[in-house]
**Student:** 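First the structure, then my questions, so here it is.
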Amino acid sequence: MPIYAFVVVTQNLSRIDILPSARSVLLVDDSAYWTDTLSKTLRDAGFIVTCAHGGLEAVEHIRTQLPDLLITDYFLPDLDGGKLCQLAKKLAADLDITTIILTGGADRNLRRYPSRYADAVIAKNALDVVTTDLMRTLHELEEAEPHSLRDQEVVGHNRLPARALSAKIHGLKLHLEALHEGIGDAVIGLSADRRIHFLNSTAVELFGVPEEVAIARPVEQVLGVDESHPVVKRVDQAFGVDAVRSAPITAKLRANTLRVTVAPLKNPMGEDGALLIAQDVTDLVIADEAKASLTAQLHAADKMRSLGQMTAGISHEINNPLAALLPSLELLRERFGQLTQLVGVSVGHPGMSGERLHPALQEIPELLTDALAAGRQIQSVVGEMRFFAHPGTSKGELSSVVTLLEEAVALVSREVRFKARVDLDVDYSPSLIVDRSLLTQAVLNILINASQAIDLKSSRDEWIAIKSYRSDGGVAIEVSNSGPPIPEEIVDKLFDPFFTTKEPGAGVGLGLSIAYETVARHGGYIEVSNCHPTTFKVWLPLDTGKVLHSMQPPPRSEQQPPPVSRKVRVRVLLVDDERLVRNSFRRVLDRAYDVSLASGGRQALEMIRDNDYDIILCDLLMPEVTGMDLYEKISKIKPDALPRFVFLTGGTACTEAREFLQQVKNARAFKPLENHELLRLVERAVERLGPAGGDSQELSNVVNA
């Protein structure tokens, strides 16, 4: 060995002459007899000797002052000599250090080195024998090539008497080491002052701290926590008379989530210690979080379906009276307008009191105009509510993500331009088959929400950032803004229909819920991250077209029959259980058509059996005999009349109604209808079908905008 080129062995082996620059020795043994006797012998030979009575103490000494020679017992209470030699080699780095193990655990059958990090191993025997073996070994190390003694036998083992326990002790030690390494969890042995005297390779990898750094360090330093951390408190509880094994706790340590168990464990000398076992459950926690997130998404989707059923029912109940109210108001406005003109002509005529009557009549059209506007506002809200109950009918069109985003940004620019700048960063823009108008509206609703979160009076440089990127086999669209975070108490309510924090009249709280439902119908989802900045993430799969296609009704005939000229008034049967609706629609249609009324499905069945009607405007949901029931009964007694059905409904509140409309090829429209829409609906139906009794053609789907 290079550092022992100076060793000269005297004839009586009692004196070694050495150079002053290479004479330090660290002698480690838990037996005071060996440290006292060997240290005296080494000092007499000219060495400067420092003694340590445990492995942790020796490690601390090596860190502060590296010796030239380490002589250590193999079996130490806190750190075995083989591990100490390994740490010494690592701590010495590029410097040379010679390591020698003295062990009483050797016998005639245990001849090989117990550690590959020892330069020599000497069997303990009588002091003078050990001294002779030590001096001879030092001389041999001076003459030998580096590492050439690794496979040699333990010095002096052949002079030992039989030791029955040695093999068992070595076997037990190897078994424990293999157990600690093979357990798969991080295992750390601790002394009573919380210092680490053992850690397996799993612990080294898990905490990212090399063994030579961790040994003899307080456990809190290696774990990266302070003394108040729950794991450290569990370690403290493992010491003392009343120490018991603690229940496992889950803690986040160095970016990993661990399940930690601490148990008391006394060392071979009977001194207090502890064993810390940490299982890395990070992947399990991530899986649980993903499961919780999926559960939340499923719960939200289920809630949206339930709300869809509810809003469909509400829209049906509201739309029916609206269907009667709006046409009546419109007709009243026209009639009063005409009457006002007539009264204006007769102003000044004796006895007509025109001077008082004319101003009152002039105000009536204005009042009716306001009433119509209010009714149409209700109609608009109900239309948005109906969105939750009626799957989209669009088959989708091919559009790139960047096109959708640019269209949404263009639409929102008027609202945003005085508040904030809009940054668009498109890193990934696949082409998807989407309902372009609905999906653009969904992104627009999120952008409007981001804009409304920004204070117009703010003096900061406000911004809205939009970006797209690859994510989980699909495409993600993120919308962030510089506004304040969303209050935690309302985050879970953001996508609930009709939930809003706006002032009354400023909105009904359907924007985000419609966005949520739109994205869900494309097979995606929306997430909200409330950390600053607040971020809405829209995720879409690349196969959105398949999802949209699965929601479509069966394909309808595309055949377009030529227009049919009419010389007689068209006969229209209006079937509705609501008297107000029947009367309102009759007033509108009476101008151009011969209208008959049926108050329900039962009466309509008799009328259709005995008469031929060109068009049958039929409400879908009626008591006793529904529009669906009527359609089925007519299919058996007068199938030629089936194409002439046009279904009107205030909302498909039940699954049967939705499925029925997906199966039949007849036209349908949602109430309420503007007068011109109702007239246009019938006109188009008549153009396609021709007169009753002639060659009927299938009626393609007609849906009011």
**Student:** Return the minimal non-hydrogen interatomic distance between Leu253 and Val225, and the atom names on each side.
**Tutor:**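 Heavy-atom minimum between the residues: CD2-CG1, 3.4 Å.
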
**Student:** Say whether, by atom type as modelled, one donor and one acceptor occur between the side chain of Thr403 and the main chain of Ser399 under 3.5 angstrom.
**Tutor:** no

**Student:** Indicate the atoms forming the closest heavy-atom contact of Ala453 with Asn481, along with that distance.
**Tutor:** CB-OD1, 4.0 Å

**Student:** Rounded to the nearest 0.5 Å, how far apart are CG of Asn445 and CD1 of Ile514?
**Tutor:** 6.5 Å

**Student:** How would you list, by chain and number, every residue that makes a side chain to side chain donor-acceptor pair (under 3.5 Å) with Ser482, sequence neighbours excluded?
**Tutor:** Glu462

**Student:** Centre of Tyr613's six-membered ring, under 6.0 Å away, within 45 degrees of the axis: is that where NZ or CZ of Arg571 sits?
**Tutor:**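 Not flagged: Arg571 not positioned over aromatic ring of Tyr613.
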
**Student:** When rounded to the nearest 0.5 angstrom, what is the spacing between CD in Gln441 and CZ in Arg436?
**Tutor:**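 Between atom CD of Gln441 and atom CZ of Arg436 there are 14.0 Å.
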
**Student:** For the CG atom of Leu206 and the CG atom of Asp185, what is their distance to the nearest 0.5 Å?
**Tutor:** 9.5 Å

**Student:** Taking the side chain as everything from C-beta on, heavy atoms only, tell me whether Pro430 gets closer than 4.5 Å to Leu432.
**Tutor:** yes

**Student:** On the 0 to 90° scale, with breaks at 30° and 60°, tag the Tyr525-Trp539 ring pair as parallel, tilted or perpendicular.
**Tutor:**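 Tyr525 vs Trp539 ring planes: parallel.
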
**Student:** Rounded to the nearest 0.5 Å, what separates atom CG in Leu494 from atom CD1 in Ile526?
**Tutor:**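 So the CG of Leu494 and the CD1 of Ile526 are separated by 10.5 Å.
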
**Student:** Given the rule in the side chain to side chain contact (heavy atoms under 4.5 Å, CB included) test, do Val443 and Leu405 qualify, once you have shown the distances and angles that lead to the verdict?
**Tutor:** CA-CA 7 Å; Val443 177; Leu405 296 181; 4.0 Å; yes

**Student:** Ignoring hydrogens and geometry, is there a side-chain-to-backbone donor-acceptor pair from His522 to Asp435 under 3.5 Å?
**Tutor:**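 A pair under 3.5 Å: yes.
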
**Student:** For the residue pair Lys467 and Asp427, establish whether any side-chain heavy-atom pair is separated by less than 4.5 Å.
**Tutor:**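 When only atoms from C-beta onward are counted, Asp427 and Lys467 do not touch, as no gap falls below 4.5 Å.
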
**Student:** For the CG atom of Leu424 and the CD atom of Glu406, what is their distance to the nearest 0.5 Å?
**Tutor:** 6.5 Å

**Student:** In chain order, what residues pass the salt bridge (charged side-chain N to carboxylate O under 4.0 Å, His left out) check against Arg582, with sequence neighbours excluded?
**Tutor:** none

**Student:** Would you say Val682 and Val572 make side-chain contact, with heavy atoms under 4.5 Å?
**Tutor:** yes

**Student:** Taking all heavy atoms of Asp640 and all of Arg644, pick out the closest pair and write down the distance.
**Tutor:** O-NE, 4.5 Å

**Student:** I need the minimum non-hydrogen distance between Val401 and Ser429, along with the two atoms involved.
**Tutor:**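 Here Val401 and Ser429 meet closest at N-OG, 3.4 Å.
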
**Student:** Walk me through whether Tyr631 and Asn666 qualify under side-chain hydrogen bond (donor to acceptor under 3.5 Å, both in side chains).
**Tutor:** CA-CA 11 Å; Tyr631 187 86; Asn666 299 71; 3.1 Å; yes

**Student:** Rounded to the nearest 0.5 Å, what's the gap from CD1 on Ile608 to CD1 on Ile634? Could you check?
**Tutor:** 4.0 Å

**Student:** Show your reasoning for whether side chain to side chain contact (heavy atoms under 4.5 Å, CB included) applies to Leu258 and Phe207.
**Tutor:** CA-CA 11 Å; Leu258 307 179; Phe207 297 113; 3.7 Å; yes

**Student:** Answer yes or no: does atom CZ of Arg470 have more than 12 heavy-atom neighbours from other residues, nucleotides or ligands under 6.0 Å?
**Tutor:**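 No, the 6.0 Å shell around CZ holds no more than 12 heavy atoms from other groups.
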
**Student:** For residues Ala450 and Val479, report the shortest heavy-atom separation together with the two atoms involved.
**Tutor:**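 Heavy atoms only, the tightest pair is CB-CG1, 4.2 Å.
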
**Student:** Check this for me, if you would: do Lys537 and Glu478 make a salt bridge, where the nitrogen-to-carboxylate-oxygen distance has to be below 4.0 angstrom?
**Tutor:** no

**Student:** Ignoring hydrogens, what is the shortest heavy-atom contact between Gly523 and Pro541? Give both atom names and the distance.
**Tutor:**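 Smallest heavy-atom distance, with atoms named: O-CD, 3.5 Å.
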
**Student:** For residues Val402 and Ser468, determine if any side-chain heavy atom of one lies less than 4.5 Å from a side-chain heavy atom of the other.
**Tutor:**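 They are not in side-chain contact.
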
**Student:** With side chain to side chain contact (heavy atoms under 4.5 Å, CB included) as the criterion, how do Glu407 and Leu444 come out once you've worked through the C-alpha distance, each side chain's angles and the decisive distance to 0.1 Å?
**Tutor:** CA-CA 9 Å; Glu407 288 179 352; Leu444 176 63; over 6 Å; no

**Student:** Side chain to side chain contact (heavy atoms under 4.5 Å, CB included) for Phe536 and Asn449? Distances and angles first, verdict last.
**Tutor:** CA-CA 10 Å; Phe536 283 75; Asn449 181 79; 3.5 Å; yes

**Student:** Could you tell me whether a side-chain N or O of Glu677 sits under 3.5 Å from a main-chain N or O of Glu674, the two making a donor and an acceptor?
**Tutor:**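 Present.
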
**Student:** Assess whether side-chain hydrogen bond (donor to acceptor under 3.5 Å, both in side chains) is satisfied between Thr535 and Ser529, documenting all intermediate values.
**Tutor:** CA-CA 5 Å; Thr535 301; Ser529 173; 5.3 Å; no

**Student:** Strictly below 4.0 Å, N to O, side chains only: are Asp576 and Lys671 in salt-bridge contact?
**Tutor:** yes

**Student:** Mind checking whether Leu617 and Leu573 have side chains closer than 4.5 Å, heavy atoms only?
**Tutor:** no

**Student:** Taking the side chain as C-beta and beyond, is there a heavy-atom pair between Leu648 and Leu620 under 4.5 Å?
**Tutor:** no

**Student:** Does the side chain of Phe645 reach to within under 4.5 Å of the side chain of Val664, using non-hydrogen atoms?
**Tutor:**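 Phe645 does not reach Val664 side chain to side chain.
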
**Student:** If the threshold is 4.0 Å, N to carboxylate O, is there a salt bridge linking Arg259 and Asp280?
**Tutor:**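 Between Asp280 and Arg259 there is no salt bridge, as every charged N stays at least 4.0 Å from the carboxylate O atoms.
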
**Student:** Is the shortest heavy-atom distance from the side chain of Val209 to the side chain of Val204 under 4.5 Å?
**Tutor:**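 With C-beta onward as the side chain, the pair stays apart.
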
**Student:** Would you confirm whether Ser451, through its side chain, and Leu447, through its main-chain N or O, come within 3.5 Å as a donor-acceptor pair?
**Tutor:** no

